[in-house]
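I have placed the structure first, in the form of structure tokens, so that the comments after it can refer back to it.
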Amino acid sequence: MPFLEAWPAFLRAAAASLDLFGLLGLGFGFATGLMPRRHLILLSSAACSLCFAVHFLRLGSPTGMAMNLIGVLQCLLAARFVGVRGRPAWLDLVFAATFLLAAVLTVATWNGLPSIFAGLATLVSTMARLQSSSQTMRFLLIGSALGWASHNVMVGSVCGLTCDCLGLIGFTVAALREHGIVRQPAAPLSSHT
């Protein structure tokens with residue numbers, strides 16, 4: 001089948017897992033990977049998680065939905081209360097409770113291997129959201145994205161898998177840029193006449 005003739009077949013096959021919430025989640029997820037500051041990473045991630053919660057509900061992945069709802073709560077709390085000067089002691093208790101809730105909901109919404117990967121990804125994300133360093137957060141979110149990518153392959157979420165791949169690229173480029181490995185393009189030299 002020639003390349004141009006394959007696109008309609010691909011789009012028909014992917015249409016079952018494409019929906020408005022998946023596409024919105026994809027957009028927010030892509031933006032999350034490019035955000036320069038921790039606060040913005042968390043707010044964009046909260047919007048992404050909310051969209052994907054609805055997307056996974058539509059796909060029949062209750063664990064994916066539950067883990068994303070936990071993610072919304074964690075992102076908003078971390079954006080508000082975790083900073084370079086630390087965090088309030090009560091927040092550790094709240095995050096410990098959401099950590100346990102994630103484990104309980106993974107079992108309660110059990111759907112086999114997809115549940116394992118969604119649960120593990122959420123546990124890694126929980127650790128990421130408590131970091132005050134955007135760099136450490138990015139490295140942990142790379143691990144979380146790998147777990148979500150595995151989940152999304154298994155539940156057939158084209159939007160989720162695309163979001164994970166773009167997030168992996170965005171987090172990696174941002175981390176490398178912060179380490180000075182990827183440099184900004186140099187300003188053009190002015191020509192003298």
Side-chain angles (χ1 to χ4, degrees), residues 25-53 55-56 61 63-106 114-153 157 159-179 181-182:
L26 172 58
F28 283 117
F30 177 70
T32 299
L34 299 175
M35 290 295 164
R37 290 186 306 279
R38 187 188 161 284
H39 182 75
L40 296 173
I41 292 170
L42 288 163
L43 292 178
S44 182
S45 184
C48 175
S49 292
L50 185 60
C51 292
F52 274 113
H55 175 69
F56 289 134
S61 175
T63 308
M65 179 194 69
M67 298 303 109
N68 274 280
L69 290 175
I70 289 171
V72 171
L73 174 66
Q74 289 177 343
C75 285
L76 294 175
L77 286 170
R80 171 68 176 92
F81 296 108
V82 178
V84 292
R85 289 182 240 135
R87 59 185 179 259
W90 62 265
L91 190 63
D92 289 339
L93 295 173
V94 171
F95 266 73
T98 62
F99 193 88
L100 291 173
L101 180 62
V104 168
L105 287 175
T106 298
S115 293
I116 290 172
F117 285 109
L120 288 174
T122 299
L123 298 178
V124 174
S125 293
T126 298
M127 291 183 287
R129 293 175 184 127
L130 285 173
Q131 304 303 311
S132 61
S133 161
S134 58
Q135 187 71 341
T136 305
M137 179 188 290
R138 282 187 193 102
F139 283 124
L140 287 168
L141 289 175
I142 287 170
S144 176
L146 291 171
W148 278 113
S150 300
H151 168 270
N152 291 330
V153 165
S157 174
C159 291
L161 183 59
T162 304
C163 181
D164 298 326
C165 291
L166 292 173
L168 285 167
I169 292 167
F171 290 136
T172 302
V173 168
L176 293 173
R177 182 173 290 142
E178 195 164 311
H179 276 307
I181 296 170
V182 174

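Looking at Leu166 and Leu26, their side chains come closer than 4.5 Å, going by heavy atoms from C-beta outward. Residues Thr63 and Leu105 fail the side-chain proximity criterion, which asks for heavy atoms closer than 4.5 Å. Contact of the Leu76 side chain with the Leu43 side chain is registered, since non-hydrogen atoms from C-beta on lie closer than 4.5 Å. A heavy-atom distance below 4.5 Å is not found between the side chains of Arg129 and Leu77. Between Asn152 and Phe56 there is a side-chain heavy-atom pair separated by less than 4.5 Å. In this structure, Leu141 and Ser125 have side chains that are in contact, with non-hydrogen atoms separated by less than 4.5 Å. The shortest side-chain heavy-atom distance between Phe52 and Cys159 falls under the 4.5 Å cut-off.
Across Ile41 and Thr32, no two heavy atoms sit closer than the pair O-CG2, 3.6 Å. Of all the heavy atoms in Gln131 and Val82, the pair that sits closest is O-CG1, 4.0 Å. Of all the heavy atoms in His151 and Ser61, the pair that sits closest is NE2-OG, 2.9 Å. In terms of heavy atoms, Ala79 sits closest to His39 at O-ND1, 3.3 Å. Shortest non-hydrogen contact noted between Ala46 and Cys75 is CB-CB, 3.7 Å. Here the closest non-hydrogen pair linking Thr122 and Ala102 is CG2-CB, 4.0 Å.
Rounding to the nearest 0.5 Å gives a distance of 12.0 Å between CE of Met127 and OG1 of Thr136. Between the CG atom of Leu120 and the CG atom of Leu146 there is a distance of 12.0 Å, given to the nearest 0.5 Å. With rounding to the nearest 0.5 angstrom, the CG atom of Leu42 is 10.0 Å from the CD atom of Gln74. Note that the CD1 atom of Ile142 and the CG atom of Leu168 stand 6.5 Å from one another [nearest 0.5 Å]. Ser49 contributes atom OG, which lies 11.5 Å from atom CE of Met67 (distance to the nearest 0.5 angstrom). Separation of atoms CE (Met137) and CE (Met35) is listed at 13.0 Å; rounding is to 0.5 Å.
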> Going through the checks in order, is the side-chain contact (heavy atoms from CB on, under 4.5 Å) test met by Trp148 and Asn68?
Replying inline: CA-CA 11 Å; Trp148 278 113; Asn68 274 280; 3.4 Å; yes
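Between Phe81 and Trp90, the ring planes are perpendicular. Angles over 60° get that label, and only those under 30° would be called parallel.
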